[in-house]
Student: 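First, the structure itself, so that you have it in front of you.
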Amino acid sequence: MEFCLSNDQAMMQETIQRTLERVCPLERVRQAAASHETRAADVWAALTEIGVPGLIIPEEHGGVGLTLLDAALAAEALGRSVAPVPFAASAVMAPLALMGAGSPAQQAEWLPRLAAGEAVAGVAVAEHASGARDGAGVAAANGRLSGKALFALDAGAADVFVVADRAGGLHLVSADAPSLTRTALTSIDATRSIAELDFADTPAEPLAARDPAPVLRRMIDAGRLALAADILGAGQRMIEKAVDYAAERRQFGRVIGSFQAVKHLCAEMAAELEPCRALIWYAGYAFDEDAERASLMAAHAKAHLSEVGTFVARTATEVHGGMGFTDLLGLHYWFKRVGFDRQMLGGPERVRQDAAAFQGWA
Amino acid sequence: MDLAYGPKYEAFRDEVRAFLAAHKDQAPRGGEQTMAGGRAWQKLLIEHGYAARTIPRAYGGYGAEPDILESRIIAEEFVAAGAPMGMANQGISMLVPTLLELGTEEQRKQWIGPTIRGEVIWCQGYSEPGSGSDLASLKTRASEDGDDFLINGQKIWTSTAHLADMIFCLVRTEPDAPKHQGISYLLFSMKTPGIEVRPLVTMTGAAEFNEVFFTDVRVPKSQIVGERGQGWQVANATLKHERGMLGDPNQAGSRLKALIELARTETVGGERLIDNPVWRDRLLKLQARVYAMEFHGLRLLTGRLKGEAPGLPGLIVKLMGCELNHQLAAFAIDALGELGVLYGESPHLRNHGNWQRNYMFDLGLIIGGGTAQIQKNIISERGLGMPREPKPAS
């Protein structure tokens, strides 16, 4: 009976965190945001050196061969540093698509390049994860795609896309396919990239699995968990920043952290966020070990972390007073990161609808 | 991550199951429990190590080494079999650990055995009308009179005082000392002349607590636990045991199950509540919280098995666990609409009125045992290292 991280897992997470503290301080995030880099080359190179892009890719394809729980720990570290690099789609969802539904040739073509950080994969499954907006929908016929996909994740630097068609079939589309139009969507979160993909009879390679539905399900579950873990890391850092700020800022002749009105806000944030860690761990564990509840736990993790993350983001900002609202402090990068994570792959209400369905309630 | 207990513990689980299969029919039945029946069951449990498991044999216990997983398995199997667990009153859960830690050999010999067998029932005399969160300001006075103390004052929130044989009580023996250093921890009989117990009716309509009044109550000085003036330290050893009892995630789990059942069976205008998206969404929000606290409990359990200090994760359990239980009861009341206000013996009453009773009683638990606000002070100061409130100039 051991419900905790292994020493290897704790060390792996600390290595990623240390690396990011070195190569990705807030000033680097600001630069990346100003220059619209969502794969900051130096940060990406440092993360590649320690295996992050290939964390769950099997060793035979050049990856590290770890589990989704390990990927969640990496996502937590990335959220903590608001790192401007691809992850949820390129390092988690796309590898799962290839590993679960790709032919040996497709796997051999893409997995080693993704693991080595030489290629980035975007993923367009919003229609299935959160529902079609603005007439989105992709039709597949005879190896070609038509229509549009919205909110493709990790899209800016992508060399290839994994696209779900309306029926749930999965396809690989080269980013430089001539009849594919990629339009960046500007969001609050300057550290991540999303795009609209417009297909006009665009050549696509179907992923080979006979029944892609379970693979698509796994991709969405894993993506939700990665986003939830990103919120955990971002939220944890915001609490630390609030506590640190409250220990320095003086008003009425004392540090504001000695006022109960401020202390209680910090206590509420910590009390809400701390059990989320165990929920993330269990959802990661369930993905590999408790198949019956894997989708439910991923949904609960995503919805609950979104709610708690939103509470922490606004409360930590309030603890910082007027400074929290400014660009000078940069706290808003974390605020926006949480806001982005909350909406992608289904906001809490939508994800809870799925959680109901997974239990036969709807 | 490994959530299996392993073969050694599964063998232990089999033992517990075999015991329950063989003896469950001797358990007192709910509703008609007699003191005698309860004591006979308790005696049987102690003999087999399913109650007073880690209390040394010299004091009447079973004498096993503490083993968190064994305790957990016992609890799981008793719950699964619907068999009553060993007694868990304030004497057993709070006084006995305190005596083991700080009592004299004579006190341990005298009190632990009868207490764990249910022959002596205790109540706890801590809170006073003027000393709730600021417990150390308590004023019940123990003045010296020869070899005795004479006790005058009042206690409140004293559950089971009307049934208790004995009280463990905080009194002020050194009125001129700083407030934390003038308190002593005394044990005395509730039959002592000068004690009056008045039931305290709460918002639930039941007298779950009492007020206890002391007028010249004579207690031999020898009935002190720990040193004179050290009662605050002794009491803190006890409070540590109390906090562990509140905010139990297993209770939230079983309450959630009942809520799901309610949502599946109750209908409004022919529609099941669970088919209504508004109720379903609120139920799912609660379910996520229950899971989070359940897994948080597993994380804390693992930490205890490794001998780690619980730290911040441990400090939040009372606040979050009590609040969650309260919210679960609130859901049932809201989902029942007008039926939710029915109480007492009303027609159409659901669940014997327990949703309302729990909703009210849980608010008491949010306040009692360290209010939510005190918990937030503790979380921010001890868990997050934030500065203490400056002492007012006096």
Student: Taking only heavy atoms into account, what residues of residues 350-358 of chain A are found under 4.5 Å from chain B?
Tutor: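 Listed by number: R352(A), A355(A), A356(A).
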Student: Partners of L265(A) by side-chain contact (heavy atoms from CB on, under 4.5 Å), sequence neighbours excluded?
Tutor: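 Per chain and number, L265(A) pairs via side-chain contact (heavy atoms from CB on, under 4.5 Å) with E268(A), T315(A), V319(A).
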Student: Is there side-chain contact between M1(A) and D2(B), with at least one heavy-atom pair below 4.5 Å?
Tutor: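 Answer no - side chains too far apart.
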Student: Given that the side chain runs from C-beta out, which part of L319(B) has a heavy atom under 4.5 Å from chain A: side chain, backbone, both or neither?
Tutor: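 Looking at L319(B), just its side chain touches chain A.
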Student: Side chain, backbone, both or neither: which part of M297(A) has an atom under 4.5 Å from a heavy atom of chain B?
Tutor: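 The side chain, not the backbone.
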Student: Contact part of L305(B) toward chain A, heavy-atom cut-off under 4.5 Å: side chain, backbone, both or neither?
Tutor: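 For L305(B), side-chain heavy atoms alone lie under 4.5 Å from chain A.
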Student: Are the charged groups of K285(B) and E349(A) less than 4.0 angstrom apart, N to O?
Tutor: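 No, K285(B) and E349(A) are not salt-bridged.
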Student: Using the test salt bridge (Lys or Arg N to Asp or Glu O under 4.0 Å), find all partners of D334(B) that sit at least two apart in sequence or belong to another chain.
Tutor: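 With sequence neighbours excluded, D334(B) shows a salt bridge (Lys or Arg N to Asp or Glu O under 4.0 Å) to R282(B), given in chain and number order.
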Student: Contact part of L384(B) toward chain A, heavy-atom cut-off under 4.5 Å: side chain, backbone, both or neither?
Tutor: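 Both the backbone and the side chain of L384(B) come within 4.5 Å of chain A.
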Student: Between L296(A) and chain B, which part of the residue has a heavy atom less than 4.5 Å away: side chain, backbone, both or neither?
Tutor: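 For L296(A), side-chain heavy atoms alone lie under 4.5 Å from chain B.
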Student: Please tabulate, one pair per line, all N/O donor-acceptor pairs under 3.5 Å involving side-chain atoms of residues 64-71 of chain A, not counting sequence neighbours.
Tutor:
{"from": "T67(A)", "atom 1": "OG1", "to": "L69(A)", "atom 2": "N", "distance (Å)": "3.3"}
{"from": "T67(A)", "atom 1": "OG1", "to": "D70(A)", "atom 2": "N", "distance (Å)": "3.4"}
{"from": "T67(A)", "atom 1": "OG1", "to": "D70(A)", "atom 2": "OD2", "distance (Å)": "2.6"}
{"from": "D70(A)", "atom 1": "OD1", "to": "Q9(A)", "atom 2": "NE2", "distance (Å)": "3.3"}
{"from": "D70(A)", "atom 1": "OD2", "to": "T67(A)", "atom 2": "N", "distance (Å)": "2.9"}

Student: So, E307(A) and R289(B), do they make that salt bridge, N to O below 4.0 Å?
Tutor: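 The answer is no: the pair does not qualify as a salt bridge.
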Student: Please look at A303(A) and chain B and tell me whether the side chain, the backbone, both or neither of the residue comes under 4.5 angstrom of a heavy atom of that chain.
Tutor: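 Neither the backbone nor the side chain of A303(A) comes within 4.5 Å of chain B.
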Student: Are the side chain of K263(A) and the backbone N or O of P387(B) linked by a donor-acceptor pair below 3.5 Å?
Tutor: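 Judged by distance alone, yes, a pair lies under 3.5 Å.
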